[in-house]
Every structure is written in C-alpha cells, then in structure tokens.
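One-based numbering along the sequence shown.
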Amino acid sequence: MKIHTRTLLILGVTVFVLIFGMNVLAQYFILSSHAEIEQGTALTDVRRVLDQIEHEQSGLANSARDWAVWDGSYQYIQDRQDTFYRSTIEPVSSYESLGINGLFYYDASGNQVIGTWYDLQNKTDAKVPPDLLVFFMNNHHLFLNGTGSGRSGFVLLTQGPVMVSLQSILPSSGTGPGNGTLIMVRSFDRSRVAALQNMSCQPVRLTVLTGTDAQTDPILSKISDKDRAEQGTILKNDTTITGYSLIRDINNEPILLLEVDSPRLLYQQAMNALTFLIFGFIIIGIIYVIVTEFLLRRYIVTPLLGLDASMKEIGRSCNLSKRLSVSGDDEVASLRQSLNTMLGELQDKEAELAKKRDQLAEANRQANLYLDIYLDVLTYEIRNSTLSIHGYADLIRSSGGENERMFAERIIETIHRETEVIQTIETISRIFKNPPAQEPVDLDSVIRSAIKLYPGTSIQYEPTGISVLADPMISAVFDNTIANSIKFGGQDVQIAISCRDAGDDTIECLITDTGPGIPDAQKPGVFDRFMQGSEKRSSYGLGLHIAKMLIEAYGGRIRADDRVAGEPGKGAAIRFTLKKA
C-alpha cells in the first residue's frame, strides 16, 4: 500500500474514530444528564398526583372527623333515634355534598349500627358491597373506639378500590369515652381517575395489582421482585416516560399501581442537539480530510512521486552518472541532495568494483588452470605409481612366503582405498567443472545396478517405474549412501530403499539401514566434507558430500533422519527429493 493511500486511510479512520468517540461522549454526558432530569420530572409528576390523592384522602378524613366528633352522632349510637337518621343520614344531599358513597356506624363492641350506600353517578340508593362488610368484619383492629386520631386509606373491593376513613365517635367536646367508630367510604372509580388526570393535565392510570391488566403491564414485570422500589420510572418510547408508584391499602399492603405519563421534551431537544453536533463533526471531518489531502499531495506526495520516477529512470538506464534536480530547502530537497551524493559514491565504487572483478576473474582463471594441471598431473602420477606398486604387490603375493603374501594383501587394500580417493576427487572436480545435466533417468535401473554392487548385503527395494530428471551420475548417490550404511553397520546391516510421488512434481527417495544411526547433534553436518561421525578429518567422508552436491545440482534437497522417529540408535535414514521427469 502506497504512503499516500495509507495516510488517507489513517486520516479517515482517525476522523471516524474521533467522530464516533465524540458521539459516544456526547450521548453519555448530554443524554445521561437529560435522562436524570427526565426521571426527576416524571417522579415529580407522580408525587403531584399522589399529593392530590392524599389531599382528597385528607378531605375525606376531615369530613369523617366532623361527623364523628358531633353530639348528634354520639347520641345516635346511644339511643338510635330515627329522627337523626331521617334528618342527617338518609337525605341524598348528605352524600352528594360530601362526595361519598357509603356511611357506616359501628358501636364500641364493633357491631354495625347502620350502613348505607349511595350511587353518586346514577343518583340512587344502592346495596352495600358485600366484600366491604366482610372486610370490616375481618378487620376489627381498625376500629378506634375513642383511641387514636383516625385512620384513612384504600380498601380493594371486587368492583374496584375505595377510599375509607375511620374516626372515633365522640361528643362535640372531643373528649370522653368513645361511643364507636364512624366510617365514610368514597369509590375510587374511573371518574375519580379522570378527575385526577384533569387536575394534573397528564395521562394517569390506576392498575389493580391482582387484576387481568397487571399481567401485561411492563412496569409490574420490572418491580415484581422482592426488592421492588415504591417509586420509579420506565421509558415507554422515544416520546413518553412513565413514572410509577405503588399505593398501599389501609393495612399497608400494596394493591394499586399509579402510572403517570410525561412527555420526553428534554430528550427530543437533546436528540436534536446531538444530531446537529454529529452532522457538524462529520462536515468538519470532511473539510479536514480534504484540506489535509491537498497539503499532503502538494508538499509531500507530488515531490516523492517525482523523486520515485527519477530514481526508477536511473535504475532502468543503469547510468549512475545521472543526477536528480534539486530545488527548495525542504526535507525532500535534502533527500534529493543526499541521493545525488550516494549516486556519486556508487559510481566510484562501481568503477573500483569492476576493476577488482576483472582482477579476480583473471586470478580465478589462472588458479583453476593451475589446479586442473595439478590435479591432472597428480592423479596421473599417483595412478601410475599405484599401478606399479599393485603389480609388484601381485608378484610378491604370488611368489613370496606367507608373511610376504600378508603384507602384499595389505598393500593392495591400501592401493584400492587410494584409488577410491582419486575417483572421488575426480568426481568432485567433474561436478564443479561440468554441472550435471537433467534428462529423464529410470530410477529402477539405477537402483538395481547399485544393489548388484553389494551381493552379500540385504537390500530391499520394490520397483516403482518412476523416472526423474538427472544424469548417469545419479548412481553415485545410491552407491555412496549404501556404502556408507555398510561401512558403519557392517555386512549384517539391513538396508531398505523406497521411492514415492511427493506431489508438486517431486519424487522423494528414502534409504534406511539398521546400523548404529546418526546422533541428533551430528545430523546437520553429516553431509559436510571430511565429516564421518568423529572429530578427525578424513578423505573417506566425502561420499555423502558428493551425494549432497549431486542432489542439489539436480534441484532437490537431502537430509539425515532416524529410521524410527525419535530413536537415533535404531538406524539412520537418508531422505532426498528429485524432480519428476
């Protein structure tokens, strides 16, 4: 990737990350602060509705207290005269003026003296709800009988919640023993909820916790755990936040859920401001990238492109005498001046190197000439000398005594080893002078020929019919490797040869033996010259080195391994690859 493209990519990613980071920070600080204000506003709306409910409950308690602390009510419990009933309790105006549905008198023993019910909506007398009477019957502990300052709260009936207020019946002086308990009841039906909604100017809902609506209310699922909060908020959608509060009955048991919907005006304003900021950041980022791209191209990219084109032209022409034009005093101009200096030094070094290269080539030619003459003369003279010695040794062996024959055998054996050395040196010299050609060679015939040279050795091989790119000298690889295995493993060593198709147009050959193996420390250098598993230099260690030279000349690779993986002492393995014909 070019510097220009990489720089633009880095700039684009940086601007994107900055915009994304600023967006996250803006959302965190702006929206979180507005969310806190929203929640506070929603809870304030809930408390305002609760205050209205408490105000209404307080008004009911005041009305009940006015009727309870009255000589007429006190006397009525004692004599139960119909006059008080007809003049005070029975008239419809009493219920409508007080806004109540029920009026109950209980004596000091908790027995009902009278209980009435009036339907404010239909303007008719009605039957007292039975479950309300059952509630009073099962909650005598709520009756005051002259003690306490009164009790008010909600009671949940089958037809819905009602607001009740219990007050002790006392004489107008407010002292003396209580004569019983007066209870005023006001139904908290839809009309009362609608009145609350009109007063608060916001949607208000009352949900019975045990009703069917409670099963689908999302707020109830939020506060259904044991540690539920009495009050809280929940986001209904992007335009509405709902504040809620639990309402408890007169026995302090939760029976109702009050929900007040508040508009999310602050959230909408914050989202508008955030959208404006994001678009502003994007526009600023685009302008920044455009300006940076212009400056980058004007002062960096274009000069570097010109420098690159000039250097490529010098490279194509291979003319180190050319120089770069220099203008200005910036870093690119300084780089051009440095490159001109380097070109001058390279020109001088090239001339010097060309001179030394010619000298070295001449010295190498003369050295090779002398070496060829020396090797030819040396091998010729040594070969003639060994032939003469071999002839005299044969005469001694055929005509001498037992001791003479023994010494003659040793001389002949030494001559054979020296002859092998001469042949090895000639092979190495021939490889250096004339690199092996690559033509199709039948591996089966090469391997069978190598095996015939060792008739007394156990060598296993399964013909494969594979041909490789090599020349007749490939036989030296198998010959030297087999000879090396016999040398270290003895005549009883077992040798196995296999060849297989390794893919990628290569053939892998494997030669294993049951000899002493090759230690791991010696494997990397086993193909080096004069390395034979000991610290002494010996010309007899050239066999594997010749094998390596030939394999690499054919374009393959060779390495030493274990016949059994991980156990060097159980035999050696020589692996090499050749190109498939």
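In this structure the side chain of Ile250 reaches within 4.5 angstrom of the side chain of Val164, judged on heavy atoms. In this structure, Gln202 and Asp261 have side chains that are not in contact, with every pair of non-hydrogen atoms separated by 4.5 Å or more. You'll find the side chain of Leu346 reaches within 4.5 Å of the side chain of Met342, heavy atoms only. Using a 4.5 Å heavy-atom threshold, the side chains of Val260 and Thr242 count as separate. In this structure the side chain of Val162 never reaches within 4.5 angstrom of the side chain of Phe154, judged on heavy atoms. Counting only heavy atoms from C-beta outward, the side chains of Leu166 and Leu182 never approach each other to under 4.5 Å.
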Inset, instruction - Run the numbers on Arg48 and Asp45 for salt bridge (charged side-chain N to carboxylate O under 4.0 Å, His left out), then give the verdict. - result: CA-CA 5 Å; Arg48 185 148 39 90; Asp45 294 337; 2.5 Å; yes
Inset, instruction - Test Arg575 against Leu510 for side-chain contact (heavy atoms from CB on, under 4.5 Å), laying out the working first. - result: CA-CA 5 Å; Arg575 300 177 185 271; Leu510 175 65; 3.4 Å; yes
Legend entry - Residue pair Ser172, Asp71: steps toward the side-chain hydrogen bond (donor to acceptor under 3.5 Å, both in side chains) verdict: CA-CA 5 Å; Ser172 299; Asp71 291 337; 3.2 Å; yes
Inset, instruction - Start with the C-alpha gap between Arg297 and Glu293, add the side-chain angles, then the distance that decides, and say whether salt bridge (charged side-chain N to carboxylate O under 4.0 Å, His left out) holds. - result: CA-CA 6 Å; Arg297 182 174 292 276; Glu293 155 69 6; 3.2 Å; yes
Inset, instruction - Could you give me the CA-CA distance, side-chain angles and deciding distance for Arg248 and Glu253, then say whether salt bridge (charged side-chain N to carboxylate O under 4.0 Å, His left out) is met? - result: CA-CA 5 Å; Arg248 298 179 177 272; Glu253 292 294 330; 5.5 Å; no
Inset, instruction - Decide side-chain contact (heavy atoms from CB on, under 4.5 Å) for Met184 and Ser63; before the verdict, give the C-alpha distance in whole Å, the side-chain angles of both, and the deciding distance to 0.1 Å. - result: CA-CA 8 Å; Met184 283 189 178; Ser63 299; 4.0 Å; yes
Inset, instruction - Verify side-chain contact (heavy atoms from CB on, under 4.5 Å) between Val113 and Ile77, making sure each step is shown before the conclusion. - result: CA-CA 7 Å; Val113 176; Ile77 295 299; 3.9 Å; yes
Inset, instruction - Verify side-chain contact (heavy atoms from CB on, under 4.5 Å) between Leu258 and Val49, making sure each step is shown before the conclusion. - result: CA-CA 9 Å; Leu258 171 65; Val49 176; 3.8 Å; yes
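In the displayed structure, His140 atom NE2 is contacted under 6.0 Å by more than 12 heavy atoms of other residues, nucleotides or ligands. Within a 6.0 Å sphere centred on NZ of Lys312, heavy atoms belonging to other residues, nucleotides or ligands number 12 at most. Environment of NZ in Lys322: crowded, with over 12 heavy atoms of neighbouring residues, nucleotides or ligands closer than 6.0 Å. At most 12 non-hydrogen atoms from other residues, nucleotides or ligands lie less than 6.0 angstrom from CZ of Arg557. Annotation: Asn198, atom CG; neighbour count of heavy atoms from other residues, nucleotides and ligands within 6.0 Å is above 12.
Proximity of a side-chain donor or acceptor of Thr233 to a complementary backbone N or O of Gln39 within less than 3.5 Å is not detected. A donor-acceptor pair is defined here as one N or O able to donate and one able to accept, closer than 3.5 Å; such a pair exists between the side chain of Ser94 and the backbone of Thr88. In terms of modelled atom types and a separation under 3.5 Å, the side chain of Thr341 and the main chain of Gln337 share a donor-acceptor contact. Put simply, the side chain of Arg559 never gets that close to the backbone of Phe576: no donor and acceptor are under 3.5 Å apart. Looking at Ser58, its side chain never comes within 3.5 Å of a backbone N or O of Glu54 through a donor-acceptor pair. Proximity of a side-chain donor or acceptor of Asn179 to a complementary backbone N or O of Ile169 within less than 3.5 Å is not detected. In terms of modelled atom types and a separation under 3.5 Å, the side chain of Asn139 and the main chain of His141 share no donor-acceptor contact. In this structure, the side chain of Arg563 engages the main chain of Lys570 through a donor-acceptor pair within 3.5 Å.
Between the side chains of Ser191 and Asp189, a donor-acceptor pair is found at a separation under 3.5 Å. Looking at Thr124 and Asp119, their side chains never bring a donor and an acceptor atom within 3.5 Å of each other. Side-chain contact of Thr158 with Asp131: a donor-acceptor pair under 3.5 Å is present, judged by distance alone. Checked by atom type, the side-chain pair Asn319/Ser321 shows a donor-acceptor distance below 3.5 Å.
Contact detail for Lys580 and Ile507: the closest heavy-atom pair is CE-CD1, 3.9 Å. In terms of heavy atoms, Glu96 sits closest to Tyr118 at OE2-OH, 2.9 Å. Of all heavy-atom pairs spanning Ile518 and Ala560, the tightest one is CD1-CB, 4.1 Å. Of all the heavy atoms in Leu120 and Tyr95, the pair that sits closest is CD2-O, 3.9 Å. Pairing each heavy atom of Ile241 with each of Ala42, the nearest pair is CG2-CB, 4.2 Å. Closest approach of Arg47 and Gly40 over heavy atoms only: NH2-O, 4.3 Å.
Using bins of under 30°, 30° to 60° and over 60° for the plane-to-plane angle, the ring pair Phe104/Trp117 lands in the tilted bin. Ring pair Phe136/Phe143 is tilted by interplanar angle, where 30° to 60° counts as tilted.
For Tyr76 and Tyr105, the distance between ring centers is under 6.0 angstrom. Between Trp70 and Phe84, the ring center distance clears the sub-6.0 Å criterion.
With sequence neighbours left out, the side-chain hydrogen bond (donor to acceptor under 3.5 Å, both in side chains) criterion links Asp562 to Lys523.
Note that OG1 of Thr240 and CG of Asn237 are 4.5 Å apart. Values are rounded to the nearest 0.5 Å. Between the CD1 atom of Ile286 and the CD1 atom of Ile19 there is a distance of 7.5 Å, given to the nearest 0.5 Å. Atom CG of Leu50 is separated from atom NE2 of His55 by 14.5 Å, given to the nearest 0.5 angstrom. If you take CG on Asp51 and CE on Met199, they are separated by 11.5 Å, rounding to the nearest 0.5 Å. One finds the CZ atom of Arg186 at 9.5 Å from the OG atom of Ser165 (value rounded to the nearest 0.5 Å). Rounding to the nearest 0.5 Å gives a distance of 11.5 Å between CZ of Arg86 and CD1 of Ile89.
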